[in-house]
Amino acid sequence: MAAIPATGPHSGPNYNRDKALDNSTKQYNQLTGLKLFAMSCSVVISVDEFAPFGKAGATSLFWLLIAGILWFLPITQETGEMASIDGWGDGGIFTWVKGTLGEKSGWTAMFYQWIHITVGMDTMMYFVIGAFSIAFNTPWFNTQPLVRFGLMMIILWGCVLIQHFGEKRVGKIAEWLFGLGIATPVILLIIVFITYLVQGNPIYIHLNMNTMIPKQFNGTTLVAFVPFILAFCGGEAQAPHVKNLEHPNQYPKVMLGLALTAICFDLLGSLSIAMTVPKADIQNSTGFVYTYGHLLSSIGLPGDLLGKIVGILLACGIIGELSNWLAGPNQGLFVAARQGYMPKYFAKPNKRGVPMRIVVLQAIVVTITALMITFDSGKNADFAFNVSMAATTAQYLMVYLMMIVAYMVLKTKHEDLHRTYRMSKSRGFSLFIAAVGFIITLVAFFITFIPADGTPANLRSLYVITLIIMCLIVTVLPLVMYRYHGKWSKDVAEYLKEENKELTSSNK
């Protein structure tokens, strides 16, 4: 069986040299299992899905187990295997899909991964505005479309401005904001929630086999599965770090720990809302902050004041996460731009090496989606939140569908490629697990088009039409762009020659 060529940055004719470079810098890049675990948690665990989880009530446990164990965990193992193949350690989705399904598919998958977060940023900003509306006692932040859109633009373009100063500074800011504004509030929420239960305060749901398993599986109940899938999206982004692990065989343990931690955090976070707030009172964009204040008051603390402080912290934490998402995916697209997948205009970084032109492009796309969703929803903040969350999920699941197919092709046709990790010694078992993941992903994709529970009757058609239009645009756009790959490659190659001359002359 003929081997397919490596396709990552550390591949091709310079593969041996780049492999030696990896070894020489090992002391700077080597990771322990604990460090990789911490990095993965910072990507996967977020608080803006806790309120939708809470609306699912006791069934949240059922959906979390399905999404976490039958979907998320196998996918992380599949990506770990692909990332461990010689020459595939860099490049992520682009490298894996390109290596098995071809160049056009690799570019398309990476574009899907980049574009999905544009709508995801809308979801993050809706959460931030909801938190601020409670913290500052200004509900009109969340009910007036023009005000909501204006605040989104301040948050978004403020984060874009920060990108100009370089990834190192952005990373430090985002790291501190994540620890202060997400990790700390979630851990404290769990402590407060346990205290609430110990004190014997009233609860609104009870956990048993009859309440945890949905009584029927129809559109209304299945749509509750959407936010649980979204909660685990992004875990595969850390798979390329397998090559930097001190002991690569620790990777499955790291991912198992991530899955269990994410399930526990999400479960306790959602239950803290579902068990202490009536379902009818839970709003997706404000539910987490509202619950915090309610819980603190119930255990005898000044919930009104402390809840507002926590709301500000949570908003800052999500803003830090937003900055991270602006910095990360754009680097992948920048690499593609310098390989001729975009016009040469986007292949030029600023003086600090930041691809600001691509960052601005992404911000413009976010602005357009925010404009469409925010004003379509009117005063209904939950409708805007639900549409943006469903669109984010649908677009990311398109990535996973291609990635799983790439893995199945890898196991079927390229089992001879050398790798340091395998999901299973049995190729048949690996293919079976991948097939199950593909079916779950495909079903979840179509479920996203079912209007979320509580969507007003007059907005249900608009909900579906908006999602269809957004997904069609995302599907067609990378295919149209690929048609110009040949021309753009020549233009970019000429630009890179000029850039190299300038760098050489400036270094003399």
* Asked: For Tyr407 and Glu81, does a side-chain donor sit closer than 3.5 Å to a side-chain acceptor?
  ->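 There is such a pair (donor and acceptor under 3.5 Å, judged by atom type) between the side chains of Tyr407 and Glu81.
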* To do: Indicate whether any N or O donor in one side chain lies under 3.5 Å from an N or O acceptor in the other, for Ser489 and Tyr341.
  =>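 The criterion, which ignores hydrogens and geometry beyond distance, is not satisfied for Tyr341 and Ser489.
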* Is the Trp488 ring parallel, tilted or perpendicular to the Tyr484 ring (thresholds 30°, 60°)? ->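 Plane angle under 30°, so parallel.
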* Do the rings of Trp71 and Tyr400 sit parallel, tilted or perpendicular, given the 30° and 60° boundaries? ->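 Rings of Trp71 and Tyr400: perpendicular, over 60°.
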* To do: Would you check if the side chain of Ser60 reaches a backbone N or O of Gly57 as a donor-acceptor pair within less than 3.5 Å?
  =>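 Yes; judged by distance alone, with no hydrogens or angles, the pair exists.
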* Asked: Between Thr261 and Leu258, is there a donor-acceptor pair closer than 3.5 Å when you use the side chain of the first and the backbone of the second?
  ->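 Looks like no, no N/O pair under 3.5 Å.
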Atom of [X], atom of [Y] and distance for their closest heavy-atom approach:
X	Y	result
Val409	Thr100	CG1-O, 3.9 Å
Pro214	Trp63	CG-CZ2, 3.8 Å
Phe429	Ser424	CD2-OG, 3.5 Å
Met423	Pro74	SD-O, 3.8 Å
Lys344	Asp491	CD-O, 3.9 Å
Val492	Gly340	CG2-CA, 4.0 Å

[X] side chain near [Y] side chain, heavy-atom distance below 4.5 Å:
X	Y	value
Ile155	Met124	no
Leu397	Ile229	yes
Tyr112	Ile93	no
Leu410	Ile85	yes
Tyr463	Ile450	no
Thr95	Met82	no
Pro355	Phe346	no
Gln395	Met470	yes

* Asked: Could you go step by step and tell me if Lys348 and Glu498 meet the salt bridge (charged side-chain N to carboxylate O under 4.0 Å, His left out) rule?
  -> CA-CA 11 Å; Lys348 184 177 181 178; Glu498 295 176 3; over 6 Å; no
* Between Glu494 and Lys490, is a salt bridge (charged side-chain N to carboxylate O under 4.0 Å, His left out) present by the stated rule, with each step listed? -> CA-CA 6 Å; Glu494 292 178 2; Lys490 295 178 182 178; over 6 Å; no
Interatomic spacing from [atom1] in [X] to [atom2] in [Y] - rounded to 0.5 Å:
X	Y	atom1	atom2	result
Ser105	Met110	OG	CE	12.5 Å
Met403	Thr441	CE	OG1	8.0 Å
Leu462	Thr466	CG	OG1	4.0 Å
Cys233	Ile75	SG	CD1	8.0 Å
Thr108	Ile115	OG1	CD1	12.5 Å
His414	Arg419	NE2	CZ	10.0 Å

* Could you give me the CA-CA distance, side-chain angles and deciding distance for His418 and Thr420, then say whether side-chain contact (heavy atoms from CB on, under 4.5 Å) is met? => CA-CA 7 Å; His418 180 264; Thr420 58; 4.3 Å; yes
* Dump the intermediate steps for salt bridge (charged side-chain N to carboxylate O under 4.0 Å, His left out) on Arg338 and Glu499, then the final yes or no. => CA-CA 12 Å; Arg338 291 174 74 85; Glu499 182 186 72; 2.5 Å; yes
* salt_bridge(Glu78, Lys411) N-O dist < 4.0 Å ->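 Lys411 and Glu78: not salt-bridged.
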* Hey, would you say the Trp107 and Tyr482 ring centroids sit under 6.0 Å apart? ->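 Aromatic pair excluded; centres sit 6.0 Å or further apart.
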